[in-house]
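Reading through the C-alpha cells given below for one structure.
FYI, side chains are in, hydrogens and waters are out, and symmetry mates aren't considered; it's all heavy atoms of this structure. Only a predicted model underlies this, so the values are computations on that prediction, with no experimental measurement involved.
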Amino acid sequence: MRREGMSSRYVKFIQEQHGGMLWATFRADPWTRKTLETGLDPTLSARTYNILQHYAIDSTRLGIPIILAEEAPHGHMAIGTTVFPTSIGLASTWDTGTMEEVGHVIAAELRAQGAHIGYGPVIDLAREPRWSRVEETYGEDVFLTSSMASAMMRGTSPLHNGYDKGIVSTLKHFIAYGIPEGGHNGNPSFVGERDLRENFYPTFKSAIDEGALSVMTSYNAIDGVPSTSNGKLLTGLLRGEWGFEGFVVSDLQSVDGLYHTHNIAKDAVDAGRMSLLAGVDVDLGANCFIRLKECLERGEIKTSDLDRAVGRVLKVKFDLGLFDNPYVDESAAAGIVRSEEHLAVARKTALQSATLLENNGILPLGKNIRVAVVGPNADNMYNQLGDYTAPQEESSVRTMLDGIESKIGKDRVTYVKGCAVRDMASADIARAVAASRASDVTIAVVGGSSARDFRTKYIDTGAAVVDEKAVSDMEAGEGFDRSTLTLLGRQEELLRALKATGKPLVVVYIEGRPLDKRWASENADALLTMWYPGGEGGDALADVLFGDYNPAGRLPVSVPRDSGQLPVYYNKKNPRGHDYVEESADPLYPFGYGKSYTSFEYSDLKTEVTGPTSVKVTFTLTNTGKMDGEEVAQLYVIDRKASTVRPRRQLRSFTRIAIKAGESEKVSFDLDRDAFALYDTDMRYLVEKGDFTIEVGASSKDIRLHSDITLEGE
C-alpha cells in the first residue's frame, strides 16, 4: 500500500538527532523494498517532501529546512522518472551538448519533487573491467571523462542554471576508486602521486570548476590511507589547492569502515573524529557523526570543527533558497517528470550511444524481411536499464523486441529467448535455432545484467551480495565483480548454434562492462553494443538496425581480448608492452573505436603554433559514402621527449559532427596549455620546451593525419 507522510522515525530524526539532510527518500528498488505499488510517484513525492519540510521548519527551535539527496547517476532513481542510458552509454555519445541536455532533465526532475542534491555523476576512471561499477563511469580516459563531467555540471549546476533551478551534484568517488586490486569493489588502489595528478584528479577538478558543490569519498584506500580519513586529499587538495567551497559527504558507511573494515579506528566515535578532522562534513549513514558529542566532551575535537562542517551545508541551503522558498508546487511535478520533452532526450542519447563494432555489409537491414529475435536481453526490460534504476511500468520501457516489432510489424518477427544471462537450466536453444532457420536474419541480443530483484541479498551499503541461490541473471552492478569477462550461462553456446544455421547473424551486446566479444567479432555478420540504453533503447536499436539512424557511438573504454591482458587501456605510459606468447597485447577494440554506415576522409591538416604553449589545429572532414552520418573526430597528442615518462598518446580534443553524404566540413581545435603540460620530476605542472606530435583520426588506433610541432614551453 502506498503511503506518504511522516513516520515516527522521522520525528525522532528531527527532534532527537537534529538531522538536517535525508538521503534516498524517494528511492525505489529491491534494497529499499519499494515497488510500483508501495513507492511514491512524482506527485506523492512532492507532497511528501512538503510534509517533511513543514515539520522540520515549523516544529523545531531554529526552523532550519532539511535538504534531500537522491540517487541520480543516469536519471532520478525514483518511480515514474526518465531513465537514460547508464553513464558508460552516455560517454559513448562523445557529445557534450547532449550531456548538458541530460543534466538539465535530471535537475528539473529532482527539483520538481523536492530534492536538491543528486548523487552523481560517477567520474572514476574505469581501467579495471572486472570491477562491478564500470557502467556508472564515463570510461577509461581523463580527457573524455572530464569533458563529460563538465558538460553534466553545465546542465545541473546552479552556477549555470541559477540557484532556483540547479542542483548540487555530488561527484563520486574521491579518489581512484575504479582501479581496485583484483577488480574487487572497495579494494585498495595502487597509484602514484603523479598518476593521480595527471589522470584522476582532473576529472573532479574540471567538474568543480563548472560548479559542482559536493564530493563523495570512496571506500578504497591509497597507500594505506582510506579516502574517508585522508586529510591531505579532503582538506589539503580540495580546499587548499582547488579552493572547493562545497561540502564533502562520505559514501554510505565509509566512516564506519574506518573501524570495521580498514581497522584504523578503534570504534565509531574514533572513526567519526578521524573523518571530521580530515575534512568530511556529512556522514552518510550517520552512525559515527551522531556520536561526535562524545569527542567534543573529551576534548578530541573543537566546537569550531563542528561549526566548519555544519556551516558548509548551511551555506548550500541558503544559496539554494531553502530558507526563502522551501516548498514545491505539488501539482507541477507530474507534468515535469518524464515529460515528452525529457523522453525525447532519452531517445536521443540511446541513439547516439549505439556503437557499431562490425558490419560485413548486412546492416542496415531491409524492412521486408523475416527476423528471428533471440537472446536473454531481447525482451527483458530491466536488463537494459542498469543498476541504480527504480521499478518501471512495462509501458515505460521499450525492449529490443518492442522496437523491432514496431519497425517491421509483429507478423515478420519470431521471438525465442533461447537462454538466460546466467541460469544454465532454463535454455531452449533448439527452439531458437528453429526460429532462426525459418527467418531471413537472426538478431541475437546477449550480454549481461545489472537488474536487481527481490531475491537478491544486500549489505547495509546497498551493494548486492553475490549468491548463486539468490539471483539468476545479475552479473554486473555494485558488488558483482567478475574474475572473467566471458558471456555467462549458455549464451555463447546459443550464438554458435545460431551461426550453424547458416542464416545471417547480427549480435547485439547489452552490457555494463566490456564483455568478451572475440567469438562474435570473428563470426557475426554485424556486431553492436548498446551498453544499458535505458527506457528508449528498443526503439533506438531498431532505428539503427533498419537504417533510420546511422550509428556513430564510440567506445569510451578499450575492449580486451582476454582478461589475462588486464589492465588494458589506450594511454598507458611508455614503453609499449610486447605481445604475449599466446596473443597480441592490443585490445580487441581500441578506445574511441566505432563504425558507421558511411565513410569519412580526413585531409588538409594544418597546425599553427599560436604561443609558447598553444596550438591551433584545422583539417577537412569529408563524408565519402552514400549516407548522411556523424563522425567523431579525435585529436591526440604525443610528447616526443620529456623529463618524466609520458603516455603513448593522450586524447586532447574531440567533436561529434554531422555531415551529409558527399559534403565536407572544416574542423578546428584550439589546444591550450593543458594539452601539453606535465608534472615534472619536482612535481611542477608546466609545459616543457620540446617536440610534440599532433594526431587526428577516428580512434586511438585509427590515426589519419599527423603533424610535428615544437613548443617554446614555460
Let me see the working for Ile175 and Leu233 under side chain to side chain contact (heavy atoms under 4.5 Å, CB included), right down to the final yes or no. CA-CA 9 Å; Ile175 186 77; Leu233 286 176; 3.7 Å; yes
Hey, does Phe480 have a side-chain heavy atom less than 4.5 Å from the side chain of Ser450? no
Could you tell me whether a side-chain N or O of Asn50 sits under 3.5 Å from a main-chain N or O of Val328, the two making a donor and an acceptor? yes
Hey, what do you get for OG1 (Thr48) to OH (Tyr10), rounding to the nearest 0.5 Å? 11.0 Å
Heavy-atom donor-acceptor pair, Thr203 side chain to Ile123 backbone, under 3.5 Å: yes
Give a yes or no answer on whether the side chain of Thr399 reaches the backbone of Asp379 with a donor-acceptor pair at less than 3.5 Å. no
Show your reasoning for whether side chain to side chain contact (heavy atoms under 4.5 Å, CB included) applies to Met400 and Gln384. CA-CA 9 Å; Met400 309 296 115; Gln384 71 185 53; 3.1 Å; yes
Can you confirm whether the side chains of Thr82 and Glu109 place a donor and an acceptor under 3.5 Å from each other? yes
Pair Thr35, Thr38 - check side chain to side chain donor-acceptor pair (under 3.5 Å), show working. CA-CA 5 Å; Thr35 66; Thr38 61; 3.2 Å; yes
How about Thr228 and Ser275: does a side-chain donor come under 3.5 Å of a side-chain acceptor? no
Indicate the atoms forming the closest heavy-atom contact of Lys172 with Gly120, along with that distance. CD-N, 4.0 Å
Can Asp124 and Arg133 be counted as an ion pair, charged N to O under 4.0 angstrom? no
With rounding to the nearest 0.5 Å, note down the distance linking OG in Ser214 to CG in Asp281. 8.5 Å
Roughly how far, to the nearest 0.5 Å, is the CZ atom of Phe323 from the CD1 atom of Ile57? 8.5 Å
Of all heavy-atom pairs between Ser353 and Gly89, which one has the smallest distance, and what is that distance? CB-O, 3.1 Å
May I ask you to decide whether Arg513 forms a salt bridge with Glu475, counting only side-chain N to carboxylate O separations under 4.0 Å? yes
Assert yes or no for the condition that the ring centre distance of Phe204 to Trp242 is strictly below 6.0 Å. no
Check against side chain to side chain contact (heavy atoms under 4.5 Å, CB included), Thr86 and Leu90: CA-CA 6 Å; Thr86 51; Leu90 293 175; over 6 Å; no
Return yes if a side-chain donor-acceptor contact under 3.5 Å exists between Ser331 and Asp329, otherwise no. yes
State whether a side-chain donor-acceptor pair under 3.5 Å links Glu393 with Ser395. no
Tell me if the aromatic rings of Tyr532 and His74 count as close, with their centers under 6.0 Å from one another. no
Is there a side-chain contact between Thr217 and His173 in this structure, where contact means two heavy atoms from C-beta onward sitting under 4.5 Å apart? no
Between Asn383 and Ser449, do the side chains contain a donor N or O and an acceptor N or O under 3.5 Å apart? yes
Polar contact flag, side-chain donor to acceptor under 3.5 angstrom, Trp94-Gln352: no
Short question: side chain of Thr137, backbone of Val134 - any donor-acceptor pair under 3.5 Å? yes
Apply the test side chain to side chain contact (heavy atoms under 4.5 Å, CB included) to residues Val282 and Met21: give CA-CA distance (whole Å), side-chain angles for both, the deciding distance (0.1 Å), then the verdict. CA-CA 9 Å; Val282 178; Met21 181 185 296; 4.0 Å; yes
Describe, in one word, how the ring planes of Trp31 and Trp23 are oriented to each other, choosing from parallel (under 30°), tilted (30 to 60°) and perpendicular (over 60°). tilted
Check the pair Thr96 / Ser147 against side chain to side chain donor-acceptor pair (under 3.5 Å), numbers first and verdict last. CA-CA 7 Å; Thr96 55; Ser147 299; over 6 Å; no
Ser87 side chain to Glu136 backbone, donor-acceptor under 3.5 Å: yes
Audit row: Thr43, Glu330, side chain to side chain donor-acceptor pair (under 3.5 Å) steps and yes/no: CA-CA 6 Å; Thr43 299; Glu330 298 171 18; over 6 Å; no
Closer than 4.0 angstrom, basic N to acidic O: yes or no for Glu536 and Arg398? no
Between Asp305 and Arg308, does any NZ, NE, NH1 or NH2 come within less than 4.0 Å of an OD or OE carboxylate oxygen? yes
Working to the nearest 0.5 angstrom, can you tell me the gap between Ile208 CD1 and Leu171 CG? 6.0 Å
Whether Thr389 side chain and Gly386 backbone form a donor-acceptor pair below 3.5 Å: yes
I need the minimum non-hydrogen distance between Gly118 and Ala72, along with the two atoms involved. CA-CB, 4.2 Å
Side chains of Leu276 and Ile301: closer than 4.5 Å at any heavy-atom pair? yes
Check salt bridge (Lys or Arg N to Asp or Glu O under 4.0 Å) between Asp209 and all other residues, then give those that pass, not counting sequence neighbours. Lys205
Glu241 CD: over 12 foreign heavy atoms closer than 6.0 Å: yes
Test your reading of the model: is there a side-chain donor-acceptor pair from Ser254 to the backbone of Ser250, 3.5 Å cut-off? no
Asp29/Arg27 ion pair, N-O < 4.0 Å: yes
Distance-only donor-acceptor hits, side chain of residues 332-341, under 3.5 Å, sequence neighbours excluded:
residue : atom : partner : partner atom : Å
Arg338  : NH2  : Ser396  : O            : 3.0
Ser339  : OG   : His342  : N            : 3.2

For the residue pair Gly155 and Ala107, what are the closest heavy atoms and their distance? O-CB, 4.3 Å
Testing the basics here: between Thr235 and Leu277, what is the closest heavy-atom pair and its distance to 0.1 Å? OG1-O, 4.5 Å
Start with the C-alpha distance between Lys302 and Asp307, add both sets of side-chain angles, then the distance that settles salt bridge (Lys or Arg N to Asp or Glu O under 4.0 Å), and finish with yes or no. CA-CA 9 Å; Lys302 302 174 183 177; Asp307 289 344; over 6 Å; no
Just by distance, with hydrogens left out, do Ser227 and Ser218 show a side-chain donor and acceptor under 3.5 Å apart? yes
For His260, check ring pair (Phe, Tyr, Trp, His ring centres under 6.0 Å) against everything at least two apart and list the hits. none
Give me the ring orientation class for Tyr49 and His116: parallel if the planes are under 30° apart, tilted from 30 to 60°, perpendicular past 60°. tilted
Under 6.0 Å from the six-membered ring centre of Tyr388 and within 45° of its axis: does the NZ or CZ of Arg452 meet both? yes
Polar side-chain atom of Gln53 near backbone of Pro65 as donor-acceptor pair, under 3.5 Å: no
Is it true that atom CD of Glu245 has more than 12 heavy atoms of other residues, nucleotides or ligands lying nearer than 6.0 Å? no
Between Ala268 and Cys288, what is the shortest heavy-atom contact and its length? O-CB, 3.5 Å
Between the side chains of Glu101 and Lys348, is the shortest nitrogen-to-carboxylate-oxygen separation below 4.0 Å, so that they form an ion pair? yes
I'd like to know if the side chain of Asp141 reaches the main chain of Pro556, judged simply by a donor and an acceptor atom lying under 3.5 Å from each other, with no hydrogens or angles considered. no
Drop me the distance from Ile290's CD1 to Phe13's CZ, to the nearest 0.5 angstrom. 8.5 Å
May I ask you to decide if Val142's main-chain N or O and Thr145's side chain share a donor-acceptor pair within less than 3.5 Å? no
